[in-house]
K.L.:
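The structure that follows is given in the form of structure tokens.
Values below: all heavy atoms of this structure, side chains included; hydrogens, waters and symmetry mates excluded. A, B, ... follow the sequence lines: proteins, then strands. Residue 1 opens every chain.
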Amino acid sequence: MYVALTSDSSGGGTLRPVEGQARRVDDLAAAVRELEPRRPRWVWADARQVYPALLAAGVRVARCHDLTLTEALLLAHEGRYGEPRSAEAAHARLHGLPVPEDGDEPTARQDTLFEPERAELGADALAEILADQLARIEALPDPGRFRLLVAAESAGTLIAAEMGHDGMPWRRDVHEELLAELLGPRPVHGMRPAKLQALADQVSAAFGHPVNPDSVQQLVKAFKSAGVALKTTRSSELKQVDHPAVAPLLAYKELARLYSFHGWVWADQWVREGRFRAEYVVGGVVSGRWATSGGGALQIPKVMRKVVVADEGWALIVADAAQLEPRVLAAMAGDRGLATAAGEIDLYSALAKAFGGERDNAKIAMLSAMYGGTSGDAPKLLAVMRERFPRAYRFVEDAAKAGEEGKLVRSWLGRTSPPPSQRWKDLVSGPDGARAARDRGRFTRNFVVQATAAEWALALMAVLRGLLPEPARLVFFQHDEVMVHCPLDQAEQVTAAVATAATEATRLLFGATPVRFPMEAVTVSCYADAK
DNA sequence: AACACTCGCGCC
DNA sequence: AAAGGGCGCGAGTGTT
């Protein structure tokens with residue numbers, strides 16, 4: 001049962017069972033709570049506009065259909081990438097009206113003097129858009145897979161909102177201790193922390209004059225007059241240099257990053273009541289990976305993990321998929337040899353024999369095949385791969401070739417790569433054309449694998465979410481890794497749920513396949529102990 | 001003053 | 001000869 005839903009700013013809204021009449025309610029959260037036991041699939045324009053308020057009112061839902069994300073997936077598949085994806089735009093297209101650009105949401109327009117205020121779409125309009133989308137899905141070559149994609153993507157919006165609502169445990173006190181230990185006391189505004197300033201002073205002393213270690217220009221100039229020609233100021237390049245400024249400079253760079261990315265200012269902005277609440281953007285990456293729009297949740301440095309501590313009497317269940325991308329490739333390509341190796345817990349060890357007995361060689365070969373790498377031993381190892389695992393090899397080669405020719409590629413469930421830009425088309429027929437073509441080939445080569453891996457991870461989370469007992473909560477997700485916060489006595493049940501979810505995600509995407517997707521969960525009280 | 005871009009580096 | 005995919009975010013730098 002689909003039920004279209006709109007909300008207004010007063011906490012009310014409209015509901016419309018797709019097979020019924022629209023009805024206005026004053027208390028939307030109460031109405032949703034009442035209907036939820038019948039497990040409707042809620043249809044809304046954009047979860048981010050609706051679901052946070054429901055969560056704040058203590059209401060969670062099991063299923064939804066996100067019209068905006070579905071529209072984006074459909075448009076891309078239909079070769080209409082970049083057309084406005086909002087529900088307003090979808091509705092306007094259906095009625096031959098002027099199509100509003102994305103970002104012109106009605107609420108963002110109300111203070112514009114000469115622009116007439118655009119009315120929010122009603123539940124009837126949403127039902128109409130849904131019917132159109134379902135029909136377009138049916139017309140696709142593989143509607144079943146695309147329906148799974150839409151369901152997984154929509155479930156992702158629920159999870160993202162819930163994780164933003166619940167937050168990841170974050171001990172301010174432990175964080176403060178760590179910052180004090182590494183950087184010194186919190187500085188007054190605009191000043192460098194003491195330990196950072198000391199390192200900056202050491203850099204200047206080593207050069208014999210003041211140098212701002214944050215300035216690439218000054219560093220290159222200072223090294224040049226010291227007789228060292230640098231192409232960049234990257235750490236990896238600096239490490240090759242023999243000069244007394246290098247050691248304090250490397251230490252400075254590491255701490256400066258910590259200070260600006262995860263220091264006191266960051267904590268003031270993002271940590272409240274012992275929780276780090278990130279803003280996830282579902283489908284924010286073209287490959288379908290999530291992005292964040294603030295808080296940098298997907299880039300928490302390893303050194304910060306000691307700050308993530310379960311509440312008293314609770315545990316963190318941390319699980320990551322081992323070697324997800326090569327397994328995805330094995331399953332997609334239907335390469336029997338690779339799939340057999342991917343039936344083992346350590347795929348690379350299982351492959352080692354084929355690559356001269358070295359596990360590392362197997363790893364380089366697989367990564368080069370998926371990323372388009374060609375340096376070092378890669379060409380030699382790729383030749384082995386072509387010989388031993390021809391279907392897997394051909395699968396990524398075909399994707400690369402399509403990209404080089406400017407064609408579209410798709411993930412397993414039907415997410416479509418962006419088309420080449422006009423700039424690329426101009427470039428590819430010019431003197432640097434071969435390079436532009438190769439660059440795009442690397443992108444599409446990786447896209448088919450990365451996007452399918454993202455789909456597997458989404459499916460895993462959607463299933464896991466449904467298996468979690470109250471009051472366990474998903475609190476973190478990072479591409480192929482999930483974290484659940486739960487009472488200690490639920491740890492075993494959650495661990496089992498993770499394994500079940502991995503198996504089920506594999507079945508949902510690939511049906512019967514010899515490929516295994518190991519998802520080992522560990523129970524810890526502190527994230528730092530998870531690896 | 002405000003914005004856009006590059007560089008560098010953290011994560012996968 | 002060499003050629004590695006995807007992001008976010010900050011400071012510095014350049015442009016308007």
K.L.:
Counting side-chain heavy atoms from C-beta on, which of B/dC11, C/dG5, C/dG12 comes nearest to A/Asn212?
P.N.:
C/dG12
K.L.:
From C-beta outward on A/Lys253, which listed nucleotide comes closest to its side chain: B/dC9, C/dG8, B/dC12?
P.N.:
B/dC9
K.L.:
For the side chain of A/Arg438, counting heavy atoms from C-beta on, which of C/dC7, C/dA3, B/dG10 is nearest?
P.N.:
C/dA3
K.L.:
Look at the side-chain N and O atoms of A/Ser287 and state whether any lies under 4.0 Å from the OP1 or OP2 oxygen of C/dC7.
P.N.:
no
K.L.:
For the pair A/Arg423 and A/Asp426, evaluate salt bridge (charged side-chain N to carboxylate O under 4.0 Å, His left out) and give the outcome as yes or no after the intermediate values.
P.N.:
CA-CA 5 Å; A/Arg423 197 180 100 82; A/Asp426 296 342; over 6 Å; no
K.L.:
Check every atom of C/dG8, C/dG5, B/dG8 against the side chain of A/Arg289 and return the nucleotide holding the closest atom.
P.N.:
C/dG5
K.L.:
Using whole Å, what does the distance between atom C1' of nucleotide B/dC9 and atom OH of A/Tyr259 come to?
P.N.:
18 Å
K.L.:
Considering only C/dA3, C/dA11, C/dG14, which nucleotide approaches the side chain of A/Gln217 most closely?
P.N.:
C/dG14
K.L.:
Testing the 3.5 Å rule here: is there a donor-acceptor pair between the side chains of A/Gln217 and A/Asn212?
P.N.:
no
K.L.:
Send over the distance from A/Ile300 CD1 to C/dC7 C1', rounded to a whole Å.
P.N.:
15 Å
K.L.:
Between C1' on C/dG8 and CH2 on A/Trp270, what's the gap in Å once rounded to a whole number?
P.N.:
11 Å
K.L.:
Which part of the nucleic acid, if any, lies within contact of A/Phe261, taking any heavy atom under 4.0 Å across all strands shown: a base, the sugar-phosphate backbone alone, or nothing?
P.N.:
base
K.L.:
Would you kindly give the OH-to-C1' distance between A/Tyr252 and C/dG10, to the nearest whole Å?
P.N.:
11 Å
K.L.:
Inspect the contact between A/Asp360 and A/Lys363 and indicate whether a charged nitrogen and a carboxylate oxygen are less than 4.0 angstrom apart.
P.N.:
no
K.L.:
Give the rounded distance in Å between these two atoms: CD of A/Glu397 and P of C/dG5.
P.N.:
15 Å
K.L.:
Pairing donors with acceptors under 3.5 angstrom, does anything connect the side chains of A/Tyr393 and A/Glu387?
P.N.:
no
K.L.:
Where the side chain of A/Arg257 is concerned, which of C/dG12, B/dG8, C/dC7 is the nearest nucleotide?
P.N.:
B/dG8
K.L.:
Rounded to the nearest Å, what distance is computed from the CZ atom of residue A/Arg440 to the C1' atom of nucleotide C/dA3?
P.N.:
19 Å
K.L.:
With a 4.0 Å cut-off, would you call A/Glu397 and A/Lys401 a salt bridge?
P.N.:
no
K.L.:
Please state whether the phosphate of B/dC9, meaning OP1 or OP2, lies under 4.0 angstrom from any side-chain nitrogen or oxygen of A/Lys302.
P.N.:
no
K.L.:
Is A/Tyr371 stacked against the base of C/dG5, taking the criterion as centroid distance under 5.5 angstrom and interplanar angle under 30°?
P.N.:
yes
K.L.:
From the options C/dC9, C/dA3, B/dC9, select the nucleotide whose nearest atom is closest to the side chain of A/Ser235.
P.N.:
B/dC9
K.L.:
Applying side chain to side chain donor-acceptor pair (under 3.5 Å) to A/Arg85 and A/Thr68, what does each step give before you reach the verdict?
P.N.:
CA-CA 6 Å; A/Arg85 58 177 63 184; A/Thr68 305; over 6 Å; no
K.L.:
Here's a test of your reading of the structure: between A/Gly284 and A/Arg192, which maps to the more 5' nucleotide of DNA chain C?
P.N.:
A/Gly284
K.L.:
What is the nucleic acid contact for A/Val449, judged by heavy atoms within less than 4.0 Å: base, sugar-phosphate only, or nothing?
P.N.:
nothing
K.L.:
Write down the distance between CG (A/Asp214) and P (B/dG8), rounded to a whole number of angstrom.
P.N.:
13 Å
K.L.:
Quick check: A/Phe510 with A/Trp456 (ring centres under 6.0 Å apart)?
P.N.:
no
K.L.:
To the nearest Å, give me how far apart CG (A/Asp480) and C1' (C/dG5) are.
P.N.:
14 Å
K.L.:
How far does the C1' atom of B/dC9 sit from the matching atom of C/dA2, given to the nearest Å?
P.N.:
23 Å
K.L.:
Check whether the side chain of A/Gln450 and the base of C/dG6 form a donor-acceptor pair under 3.5 Å.
P.N.:
no
K.L.:
Looking at A/Ser215, I'd like to know whether one of its side-chain N or O atoms comes within less than 4.0 Å of OP1 or OP2 on C/dT13.
P.N.:
yes
K.L.:
A/Arg305 has a side chain; which of B/dG8, B/dC11, C/dG5 sits nearest to it?
P.N.:
B/dC11
K.L.:
So if I take every side-chain heavy atom of A/Thr233 and compare against B/dG8, C/dG8, C/dG12, which nucleotide ends up nearest?
P.N.:
B/dG8
K.L.:
Mind checking A/Leu324 for me? I need base, sugar-phosphate or nothing, with any heavy atom below 4.0 Å counting as a touch.
P.N.:
nothing
K.L.:
Choose from B/dC7, C/dG8, C/dG4 the nucleotide whose nearest atom is closest to any side-chain atom of A/Arg442.
P.N.:
C/dG4
